[in-house]
> 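Here it is, the structure, as structure tokens.
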Amino acid sequence: MNEPIRRLSIVVLAMILTLMVAASYIQVIAAGDLNADARNVRTLYREYGTFRGPIVVDGESVVWSKAVDDPFNYQRTYADGPLYAAATGYYSIVFGRTAIEQTENDLLSGTADSLFWTRLSNLVSGETQRGASVELTLDAAVQQAAAEALGDSTGAVVALDPSTGEVLAMVTSPTYDPATLAGHSSAEVNENYQALLAQEDGPLVNRAIAGDTYPPGSTFKLVVAAAALEAGYDADSELYAPDQLELPDSSRTLGNYGGESCSANERQTLAESLEMSCNTSFANLGMQLGWGVVERKAEEFGWGEQLSIPLAVTPSRLPTNPDEAQTAMASIGQYDDRATPLQMAMVAAGIANDGVLMRPYLVDNVRDADLRVIEETEPEEMSQPMTRADANELTDMMVGVVTSGTGTAAQIPGVEVAGKTGTAETGTDERPHTWFVGFAPADNPTVAVAVLVENGGSTEGEVTGGRVAAPIARSVMEAALASRGGS
């Protein structure tokens with residue numbers, strides 16, 4: 001072979017090797033990035049061209065894929081979209097996925113490892129690939145009651161089954177309709193999304209678990225009471241309850257809500273203090289216990305936990321190394337205390353379940369296209385913040401709150417309700433946030449609930465947790481008792 005031919009052969013061989021390497025890189029190494037590239041329209045067509053599994057509540061599909069005559073093949077459809085948006089999220093060709101549509105995407109799309117044999121069977125039989133159905137723990141009746149009771153007020157409601165941790169209701173207000181973001185017109189979807197972003201009240205924010213955290217106000221007194229019971233106090237232990245409490249190393253004093261007096265002789269039992277939500281007694285109690293004791297108890301109830309239900313939950317926060325005056329304020333749910341409505345529902349659920357806190361979860365089970373269960377959530381103990389005896393004693397005190405204290409608006413005829421109100425100052429000129437946490441029936445709880453109404457909602461005049469949030473909680477508990485028994 002002469003020299004020119006030899007050189008040409010080397011060049012041709014090098015070109016062939018380069019082509020092979022490039023093809024291998026594109027098809028193997030870079031395939032994932034290329035498929036995920038938002039500019040790859042073929043990827044969108046392929047994803048939307050597959051039947052996506054439904055999201056189910058109480059045996060009925062609240063989200064499903066409907067066949068349509070366009071390049072995407074299927075249209076994601078939402079029944080009662082605004083009612084379930086906080087849980088389902090949206091599935092958009094422009095803005096991707098959120099909530100369950102995101103966390104369970106591999107299952108819904110049919111690409112999860114657990115569906116391998118189903119995909120293989122479909123391939124052999126020539127059937128269309130179908131995603132799995134995801135069944136939520138939500139109770140449709142409780143969810144509906146929570147949404148109706150909260151109405152147009154900005155806030156959130158969370159209801160849990162205290163014995164399992166199942167999320168029975170998760171409502172955030174204002175809300176939105178995921179269908180407006182699921183269309184196949186990019187221009188229309190983008191216009192709808194920008195309109196939602198422009199709303200000052202933040203309809204895309206899930207205030208129940210992942211919005212701003214809130215000062216829990218007097219609902220935090222349940223944590224302080226639990227710490228006190230563990231430290232040897234009981235319901236009849238006398239507390240110092242002045243009209244004005246001098247804060248250490250400060251010129252400031254702390255009074256009670258509305259300037260009320262807790263006791264004529266500045267002495268009051270722990271049960272009485274909780275019943276009328278006395279600020280000065282609980283602030284002083286927190287200082288006597290010490291912040292470390294209160295902090296540990298709050299952490300046992302879930303503060304600081306990175307929870308996934310499987311939706312990501314914003315961790316609730318506590319002050320770092322507060323001084324005595326700050327400890328006093330934190331002990332009544334102010335200063336740097338912050339919590340999500342889910343966190344406060346967990347406090348109620350832990351007390352209701354004899355002191356055992358179950359890990360909250362939103363997905364009950366997952367079924368393949370043949371309705372076989374391929375995944376199922378098992379209830380899991382998260383912690384035990386209280387002994388059974390202490391939990392029962394605190395329950396009795398919470399019953400007093402609803403029977404003759406600040407939470408009488410949560411009373412349900414024929415049912416003993418345990419609860420605690422909260423009215424949390426915001427540190428601004430805005431009206432306080434209003435809270436209610438509780439459970440029913442008190443002697444055998446089937447539902448625990450937390451209600452938050454930002455700045456007292458649309459209620460005119462003075463706003464308190466007992467006046468604003470307690471009636472909402474009552475409606476939610478009534479719906480749960482009617483739906484799940486226990487009334």
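What's counted below: heavy atoms across the whole structure, side chains too, no hydrogens, waters or symmetry copies.
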> Return yes if some donor-acceptor pair links the side-chain N/O of T172 with the main-chain N/O of A156 below 3.5 Å, else return no.
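Between the backbone of A156 and the side chain of T172 there is no qualifying donor-acceptor contact (under 3.5 Å).
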> Between E375 and R367, does any side-chain N to carboxylate O distance fall below 4.0 Å?
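Salt bridge between E375 and R367, a charged N being under 4.0 Å from a carboxylate O: no.
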> So is R97 actually on top of Y90's ring, under 6.0 Å and inside 45° of the axis?
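Judged by the rule, R97 and Y90 form no cation-pi pair.
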> Could you tell me whether the side chain of T253 and the main chain of L245 form a donor-acceptor pair under 3.5 Å?
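No.
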> When you measure from the side chain of N455 to the backbone N and O of E430, does any donor-acceptor pair fall under 3.5 Å?
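No; judged by distance alone, with no hydrogens or angles, the pair does not exist.
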> To the nearest 0.5 Å, tell me how far L107 CG sits from R52 CZ.
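Here the rounded value is 10.0 Å.
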> So that I can tick it off, tell me whether E299 and R296 are bridged by a salt bridge, with the cut-off set at under 4.0 angstrom between side-chain N and carboxylate O.
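Salt bridge between R296 and E299, a charged N being under 4.0 Å from a carboxylate O: no.
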> Using side chain to side chain contact (heavy atoms under 4.5 Å, CB included), reason through V463 and T423 one step at a time and then give a plain yes or no.
CA-CA 8 Å; V463 295; T423 306; 5.7 Å; no
> Quick one: which of V363, L342, I209, V167 gives a side chain to side chain contact (heavy atoms under 4.5 Å, CB included) with L311?
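Among the candidates, only I209 passes.
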> To the nearest 0.5 Å, tell me how far Q144 CD sits from D139 CG.
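Rounded to the nearest 0.5 Å, the CD-CG separation comes out at 11.5 Å.
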> Please find the pair of heavy atoms, one from S331 and one from G286, that lie closest to each other, and give the distance.
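That would be OG-CA, 3.2 Å.
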> Using the test ring-ring contact (aromatic ring centres under 6.0 Å, His included), find all partners of Y214 that sit at least two apart in sequence or belong to another chain.
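In terms of ring-ring contact (aromatic ring centres under 6.0 Å, His included), with neighbours along the sequence ignored, Y214 is linked to H433.
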> Once rounded to the nearest 0.5 Å, what's the spacing between atom OG1 of T327 and atom CD1 of I332?
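The distance works out to 12.0 Å.
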> Are side-chain N/O atoms of S316 and R338 paired as donor and acceptor at under 3.5 Å?
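Result is no, nothing qualifies.
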> List for me each residue that meets side-chain contact (heavy atoms from CB on, under 4.5 Å) alongside D323, sequence neighbours excluded, and say none if there are none.
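A325, Q326.
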> Working to the nearest 0.5 angstrom, can you tell me the gap between S483 OG and D58 CG?
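If we round to the nearest 0.5 Å, S483:OG and D58:CG are 6.5 Å apart.
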> Can a salt bridge be assigned to the pair E462 and R431 using a cut-off of 4.0 Å between side-chain N and carboxylate O?
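No.
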> Between T408 (side chain) and V402 (backbone), is there a donor-acceptor pair under 3.5 Å?
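No.
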> For side chain to side chain contact (heavy atoms under 4.5 Å, CB included), just list the numbers for V468 and T464, CA-CA rounded to whole Å, side-chain angles, deciding distance to a tenth of an Å, and then say yes or no.
CA-CA 6 Å; V468 178; T464 63; 5.8 Å; no
> Between Q75 and A182 (side chain of the first, backbone of the second, donor and acceptor by atom type, cut-off under 3.5 Å), is there such a pair?
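Judged by distance alone, yes, a pair lies under 3.5 Å.
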> Just do the side chain to side chain donor-acceptor pair (under 3.5 Å) check on S277 and S218 with the steps written out, would you?
CA-CA 7 Å; S277 200; S218 292; 3.1 Å; yes
> Taking the six-membered ring for Trp, are Y74 and F51 closer than 6.0 Å centroid to centroid?
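Yes.
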> Apply side chain to side chain donor-acceptor pair (under 3.5 Å) to Y257 and list each qualifying residue two or more places apart in sequence or on a separate chain.
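Not a single residue meets the side chain to side chain donor-acceptor pair (under 3.5 Å) criterion with Y257.
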> Answer yes or no: is there a donor N or O on one side and an acceptor on the other, between the side chain of E305 and the main chain of P315, under 3.5 Å?
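Looks like no, no N/O pair under 3.5 Å.
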> Which atom pair, heavy atoms only, marks the closest approach of F301 to P385?
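Result for this residue pair: CE2-CG, 3.5 Å.
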> Given the rule in the side chain to side chain donor-acceptor pair (under 3.5 Å) test, do S173 and T175 qualify, once you have shown the distances and angles that lead to the verdict?
CA-CA 5 Å; S173 176; T175 184; over 6 Å; no
> With sequence neighbours left out, write down each residue that passes side chain to side chain donor-acceptor pair (under 3.5 Å) with E380, or none if nothing qualifies.
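In terms of side chain to side chain donor-acceptor pair (under 3.5 Å), with neighbours along the sequence ignored, E380 is linked to no residue.
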> Got a second to check how far E104's CD is from T88's OG1, nearest 0.5 Å?
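Those atoms lie 12.5 Å apart.
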> Can you name the residues that form a ring-ring contact (aromatic ring centres under 6.0 Å, His included) with Y361, not counting sequence neighbours?
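Checked Y361 against ring-ring contact (aromatic ring centres under 6.0 Å, His included); zero matches.
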> Check for a donor-acceptor pair, side chain of T434 on one end and backbone N or O of V453 on the other, with a separation under 3.5 Å.
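Checking the backbone N and O of V453 against the side chain of T434, a donor-acceptor pair under 3.5 Å is found.
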> Using only atom types and a distance under 3.5 Å, with no angle test, would you say the side chain of T103 pairs donor to acceptor with the backbone of P310?
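Flag not set: sc T103 to bb P310 has no pair under 3.5 Å.
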> Any chance CD of Q199 has more than 12 other-residue heavy atoms, nucleotides or ligands included, within less than 6.0 Å?
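Enclosed: over 12 neighbouring heavy atoms sit under 6.0 Å from CD of Q199.
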> W64 and side chain to side chain contact (heavy atoms under 4.5 Å, CB included): which single residue from T77, V56, I55 fits?
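Filter result, single survivor: T77.
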> First locate atom CG of L150, then atom CZ of R207, and finally report the distance between them rounded to the nearest 0.5 Å.
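L150 atom CG to R207 atom CZ measures 10.0 Å (nearest 0.5 Å).
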> Answer yes when R484 and D161 have at least one side-chain N-carboxylate O distance shorter than 4.0 Å, and no when they do not.
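Salt bridge: yes.
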> Between the main-chain N or O of A409 and the side-chain N or O of R474, is there a donor-acceptor pair closer than 3.5 Å?
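Side chain of R474 to backbone of A409, a donor-acceptor pair under 3.5 Å: yes, one is there.
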> Ignoring hydrogens and geometry, is there a side-chain-to-backbone donor-acceptor pair from W435 to P215 under 3.5 Å?
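Yes.
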> With sequence neighbours excluded, what pairs up with W303 under the ring-ring contact (aromatic ring centres under 6.0 Å, His included) test?
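Only F220 meet the ring-ring contact (aromatic ring centres under 6.0 Å, His included) criterion with W303.
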